[in-house]
Each structure stands twice: as C-alpha cells, then as structure tokens.
Amino acid sequence: MRCAPNPNGPWHVGHARMPAVIGTYRERYDGWFCVRFDDTDPETKRPDLEAYDAILDDLDYLGFEPDATYKASDRLETYYDHARDLIEMGGAYTCSCSGEAFSELKNSGEACPHRDKESETVLEEFEAMIDGEYSSGEMVLRVKTDIEHKNPALRDWVAFRMIDTPHPREEASEYRCWPMLDFQSGVDDHLIEVTHIIRGIDLQDSAKRQQFVYDYFGWDYPEVIHWGHVQLDDYDVKMSTSTISELIENGELDGWDDPRAPTLKSLRRRGIRGEAIVEAMTGLGTSTTDVDLAMSSVYANNRDLIDDETDRRFFVRDGNQIPLAGEPPAEAAPPLHPNHEDRGVREIPVGDSVMLEVADIPDAEEDGDRRIWLKGFGCFRFDDGVLRYTDDDIDAVREGGVDVVHWVPADESVPVRMRTIEGDVRGHAEPGVGDLEPDEMVQFERVGFARIDRHETESDDGDGDEETVAYYAHP
RNA sequence: GCUCCGAUGGUGUAGUCCGGCCAAUCAUAUUGCCCUCUCACGGCAAUGACCUGGGUUCGAAUCCCAGUCGGAGCACCA
C-alpha cells in the first residue's frame with residue numbers, strides 16, 4: 001500500500017488517517033507500505049521543501065516507519081518513458097487546444113483536430129515538450145480514452161502539461177514538462193506494485209481514468225477503496241493545511257505546534273501519543289461518507305495509555321489567595337498517584353495562606369457548614385474570608401457534605417501558563433512542578449492532563465521570575 | 001446541466017454481499033449509582049439508531065423501485 005502525500009506542509013490531524021489505517025493493515029496482514037511524495041506540481045501546489053521531512057517526522061510520531069520512500073519528482077524519466085510507449089500505441093496525443101476550447105468540445109462529446117495525429121508527430125511534439133520548447137499552456141499530452149464516454153470527467157484527460165516555474169527541489173528544477181496526478185500515480189502504483197489503494201472520494205474518478213492507461217499497457221488495476229472526509233469537533237481552526245499556514249503567517253497561531261491548531265505537531269506537544277490517534281483513526285473505518293472524529297475518543301485512548309503512569313499535581317487556575325487560621329500542620333503530603341502509594345508523596349510546605357479556584361471557595365450566602373477539605377492536607381471552615389483549621393478527620397468527607405478541593409500554597413507556588421485549545425490559562429502549581437523535566441506528563445487533579453513544556457525566566461522585568469509553561473492535553 | 005457515490009443512537013462502528021439467529025454489536029459521549037481525600041482510574045446501570053414511501057417475501061437494516069437529504073467529479077490541482 002502507499003501513502004501519497006502532497007508535501008505542502010506538516011500534517012494536520014486528518015492526514016493521520018492514511019498511515020494509521022495502512023500501517024495497521026501492514027501489521028495485521030504482514031503487508032508493505034511506502035510513502036510516495038506526489039510532488040508533480042511546482043506551481044499551484046508548490047511543494048514546501050521542509051514538508052518532506054516534517055511529514056516523515058509526523059509519521060514517526062504516529063509510530064510508523066515506511067518500508068520505502070519515493071519522490072515523484074525523482075521519477076520524471078520513468079513517466080516520460082511510459083508516455084512514449086503510450087504514444088507509440090496510439091494511446092495519447094499532443095494537443096494545443098486551450099483549456100476552455102477543449103472543455104467545450106469535450107462536453108459535447110466531440111474530438112479535437114489533434115486527436116488523429118500520426119504517432120510520429122505526437123512523439124516529436126512530446127519530445128519538444130520534454131525539452132521545454134513550449135511554455136505553460138501551449139501544449140499538453142492527452143490520453144486517448146473515449147471522447148463520447150457518458151461521464152464527461154473521463155474524456156481524453158491531460159497526462160502531461162508544461163509548467164514554467166522550476167520545481168523547488170534542485171534535483172528536479174530543470175524539468176518543465178510535468179505529469180498530472182492521474183498519469184503519474186497510475187504508472188507508479190503499478191511499478192511500485194501497489195496492490196491496494198485507499199484514497200479520498202475526491203479521487204473517485206481516478207481509477208476509471210487510469211483504467212484506460214492500464215488497459216493500453218495490459219496491467220491489472222489495484223483494489224481501490226474511497227473514503228470520505230474527516231472533520232474534527234473541538235477546534236475553531238479549520239483543518240486545512242493552507243488555512244493553518246495562513247494563520248501562522250499572519251501571526252494568529254504561533255506555529256504548527258500551537259495548541260489551537262488541529263495538527264499532529266500540536267497534539268504531540270500536548271503530550272498525546274501517536275498511538276491514541278492511530279486507534280481513533282482506525283476506528284473510523286473506511287466508509288465513503290464524511291465522518292466526524294470526536295476528539296474525545298482520541299482523549300479517551302490517550303487517557304487509557306497514560307493515566308496509570310502519570311503522577312498527580314495541584315494546579316489552581318486564576319486562584320484567590322485565602323489566609324489560613326487555626327493550627328494546621330506545616331506540610332501536606334498527598335500521594336503522587338492514588339493507585340500507586342509506593343511512588344511516594346509530594347511534600348508541600350503550606351505557609352500561612354493558600355490559593356483556591358474561585359469556584360471552589362465556599363459560598364458565604366449559602367447555609368452550608370462551609371467546610372472544605374484541602375486535598376492531602378486537612379479540613380477547614382471558611383469564615384470571614386479566612387480558612388480555619390477544624391482538625392476534623394477524613395470521616396468528615398466520607399460522611400458527605402464536605403467537598404474535596406485542590407489548592408496550592410500562596411507563597412511557594414510556581415506560576416504556570418497552561419496553553420489550551422481555547423487559549424492560555426494562567427495559574428499556580430504546587431512547588432514540585434518547577435522541578436519537573438520538560439516533556440514530563442502530569443495530571444493536574446480535577447483539571448486534567450498536561451505536558452510540561454519548559455520553564456521560562458521572564459526577562460522583561462528582569463526580576464528573574466520563573467514561569468512554567470504546560471500544554472493541556474485533555475480531562 | 002452531465003456523471004458517480006452514500007444514508008444504522010450525539011459521534012464512530014458491527015451487521016447489508018449470501019433476508020430469519022437483529023425488539024440491532026462494540027466503543028465513545030451523556031446521566032445516575034458504587035469505589036475514592038480528583039470532575040482520573042475501576043465497577044454497575046440508564047438514555048439513545050436502521051432517511052422516507054412503495055414493492056418482493058411467511059419474514060426486510062439486509063433484495064428491488066422511487067423520492068428526500070448529503071457528498072464528490074466534469075482542471076493544463078493534488
């Protein structure tokens with residue numbers, strides 16, 4: 001099987017579907033798959049030189065290594081050779097009709113005057129195309145199909161055209177005569193011995209077009225499956241390479257790994273494993289209808305993968321500082337993981353005030369007993385803006401009525417900027433978070449999973465304040 | 001306009017080829033309960049779907065026809 005990307009940028013989440021499915025099939029059926037960059041349009045779909053490696057990198061993130069990698073722009077001579085053979089068989093002709101003129105003839109099922117040229121003439125003109133003697137739009141090579149075919153989309157389609165703009169790859173920059181996808185891909189699929197093709201419904205007619213070439217050469221066409229488009233919920237940004245690219249260009253996104261971008265680089269930075277994406281993608285199947293991928297299913301898969309090994313921490317978003325009263329212990333010691341006491345505890349020095357999330361502060365208007373349990377620490381009653389230690393034991397929680405909340409010490413907490421799909425959230429995390437290694441995953445209790453990205457020193461005011469940057473993964 | 005394709009709960013999917021074992025599977029989501037010093041993990045339960053109308057048949061999610069809705073192609077893009 002093959003994955004045939006157009007190297008015009010790093011992959012968005014939807015691109016993961018192809019490698020996810022064919023990679024999984026490869027494992028299941030002891031198959032083979034390659035990546036073939038179909039980079040045969042140096043102009044309107046101009047390849048981005050960095051995208052080749054970016055895509056292979058994304059593939060690696062998903063957990064796959066292709067058995068082979070090709071670039072169509074390395075294989076022009078092969079396509080030329082096959083075109084020559086086709087011409088000799090009378091299966092193609094050079095045509096200098098304008099696009100509009102041909103389109104009109106085609107739609108009325110009429111052949112153009114170039115169709116009946118001698119193959120010697122065609123060959124000569126095609127060699128001239130290869131030599132770059134025409135400029136863009138002057139001459140094309142058409143495959144002779146059936147000019148009266150009931151589906152107008154299949155009538156005498158273009159196989160090669162002239163492009164004046166040089167290909168960005170130096171190795172291919174001298175070529176001016178470029179094959180169209182249907183010719184290039186059709187020939188390659190046979191030569192590379194692809195047995196099964198999966199492609200989008202936008203290419204539904206490709207197999208039928210290419211069948212004409214296969215018939216001329218006497219080849220058997222691979223099995224084809226067409227699938228619909230994938231959409232993601234949860235994102236404001238449209239899943240389209242060009243849209244994302246524009247947003248990055250004009251500064252609305254920080255880059256391909258901005259958490260607000262629906263890209264693989266972004267998911268990776270948020271600490272979501274490639275495997276979680278692959279599972280969600282294979283679960284979509286291969287139906288021809290358009291499908292909506294719920295990000296929650298990616299998250300559920302990821303949670304399954306990381307929950308057990310991810311330690312717990314406290315992180316208070318937009319906290320309010322509240323003084324403590326009474327005689328609470330000087331230190332709290334909640335476990336790193338509730339299901340793994342052997343991993344030990346986090347020792348959190350408390351000080352004389354804490355920060356709580358606004359939503360967790362007991363409402364003075366209500367008639368409750370206004371007690372809350374600071375998780376891993378103890379029970380307090382909220383009164384007159386002060387949390388007074390009650391010395392109740394945990395039975396107070398078990399009996400009900402006392403909520404357990406997360407908190408951080410006001411003095412020794414670590415400022416955190418957490419980047420999410422919806423934008424940045426600021427707050428404070430417990431002291432130990434400042435010492436975590438970048439790339440480590442944490443679960444901020446009652447908030448969600450996040451990946452520690454880096455520890456920054458704010459240089460603006462020069463006071464050396466540290467800020468930890470985390471990327472939010474999911475609940 | 002011409003030509004293709006498709007339609008199962010909020011989402012995805014199994015079942016459709018070869019009609020009965022389907023008052024429809026599994027996952028996710030949502031809700032509730034249990035567990036729990038997390039709104040995590042785990043356990044239990046509930047909610048919720050065969051596009052519509054005809055036809056064939058003892059019997060239709062499954063076969064046929066029509067309609068509706070949705071998608072795609074008719075590029076010198078991929």
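Per chain, numbering begins at 1; letters A, B, ... match sequence-line order. What you see is a predicted model, and the numbers here were worked out from it, not measured in a lab.
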**Q** Nearest whole angstrom, please: distance from the C1' of B:U36 to the NE2 of A:His337.
**A** 12 Å
**Q** Does any N or O donor sit under 3.5 Å from an N or O acceptor when you compare the side chain of A:Lys45 with the base of B:C77?
**A** yes
**Q** Output yes when at least one side-chain N/O atom of A:Ser103 is less than 4.0 Å from OP1 or OP2 of B:A75, else no.
**A** yes
**Q** Which comes earlier along RNA chain B counting from the 5' end, the contact point of A:Phe377 or that of A:Ile163, where each point is its nearest nucleotide?
**A** A:Phe377
**Q** Check whether any side-chain nitrogen or oxygen of A:Lys208 sits under 4.0 Å from OP1 or OP2 of B:U3, and answer yes or no.
**A** no
**Q** Give a yes or no on whether a salt bridge exists between A:Asp307 and A:Arg312, defined as a side-chain N under 4.0 angstrom from a carboxylate O.
**A** yes
**Q** Looking at every heavy atom in both A:Met162 and A:Met129, which two are closest together, and how far apart are they?
**A** CE-O, 3.3 Å
**Q** Please determine whether any donor N or O and acceptor N or O are separated by less than 3.5 Å between the side chain of A:Arg312 and the base of B:A40.
**A** yes
**Q** Identify the pairs formed between an N or O of the protein and an N or O of nucleotides 66-71 of chain B at a distance under 3.5 Å, and give each distance.
**A**
residue, atom, partner, partner atom, Å
B:G71, N2, A:Gln204, NE2, 3.3

**Q** Contact class for A:Thr310 vs. all strands (heavy atom < 4.0 Å): base, sugar-phosphate, or nothing?
**A** nothing
**Q** If you look at every strand shown and take non-hydrogen atoms under 4.0 Å, does A:Asp38 touch a base, only sugar-phosphate, or nothing?
**A** sugar-phosphate
**Q** Would you verify whether the NZ or CZ of A:Arg161 falls within 45 degrees of the ring axis of A:Trp178 while also being under 6.0 Å from that six-membered ring's centre?
**A** no
**Q** Looking at every strand, decide which applies to A:Ser206 at a 4.0 Å heavy-atom threshold: base, sugar-phosphate, or nothing.
**A** nothing
**Q** Answer with base, sugar-phosphate or nothing: what part of the nucleic acid does A:Leu284 contact at a heavy-atom distance below 4.0 Å?
**A** sugar-phosphate
**Q** Under 4.0 Å between any heavy atoms, over every strand shown, what does A:Arg199 touch: base, sugar-phosphate, or nothing? Just pick one.
**A** nothing
**Q** Round to the nearest Å and state the distance from A:Tyr299 atom OH to B:A27 atom C1'.
**A** 18 Å
**Q** Go through the steps to decide whether A:Gln443 and A:Thr310 satisfy the test side-chain hydrogen bond (donor to acceptor under 3.5 Å, both in side chains), and finish with yes or no.
**A** CA-CA 6 Å; A:Gln443 189 212 59; A:Thr310 304; over 6 Å; no
**Q** How close or far is atom P of B:A27 from atom CG of A:Asp292, stated in whole angstroms?
**A** 21 Å
**Q** Could you tell me the separation between the CD atom of A:Gln443 and the P atom of B:C39, rounded to a whole number of Å?
**A** 10 Å
**Q** Looking across every strand, which nucleic acid part, if any, lies under 4.0 Å from A:Leu203 by heavy atom: base, sugar-phosphate, or nothing?
**A** base
**Q** Measure from CG on A:Asn302 to P on B:A40 and round the result to the nearest Å.
**A** 16 Å
**Q** Count the heavy atoms of every other residue, nucleotide or ligand shown that sit under 6.0 Å from CD of A:Glu104, and state whether that count exceeds 12.
**A** no
**Q** Distance check needed: B:C39 C1' versus A:His406 NE2, whole Å only.
**A** 10 Å
**Q** For A:Thr40 and B:C77, is the shortest distance between a side-chain N/O and OP1 or OP2 below 4.0 Å?
**A** no
**Q** Atom CG of A:Leu154 and atom P of B:A75: how far apart are they, to the nearest Å?
**A** 11 Å
**Q** Classify the nucleic acid contact of A:Val140 as base, sugar-phosphate or nothing, counting any heavy atom under 4.0 Å across all strands shown.
**A** base
**Q** A:Phe449 near the nucleic acid: base, sugar-phosphate alone, or nothing, with a heavy-atom cut-off under 4.0 Å?
**A** sugar-phosphate
**Q** Strictly by Watson-Crick or wobble contacts shorter than 3.5 Å, is anything paired with B:G6, and which nucleotide is it?
**A** B:C69
**Q** With a 3.5 Å limit on both atom pairs, tell me what B:A46 is paired to, counting Watson-Crick and G-U wobble, or say none.
**A** B:U30
**Q** What residues form a side-chain hydrogen bond (donor to acceptor under 3.5 Å, both in side chains) with A:Tyr299, not counting sequence neighbours?
**A** A:Arg270
**Q** Starting at CZ of A:Phe444 and ending at P of B:U38, how long is that distance when rounded to a whole Å?
**A** 18 Å
**Q** In Å, rounded to the nearest 0.5 Å, how long is the span from CZ of A:Phe377 to CD1 of A:Ile372?
**A** 11.5 Å
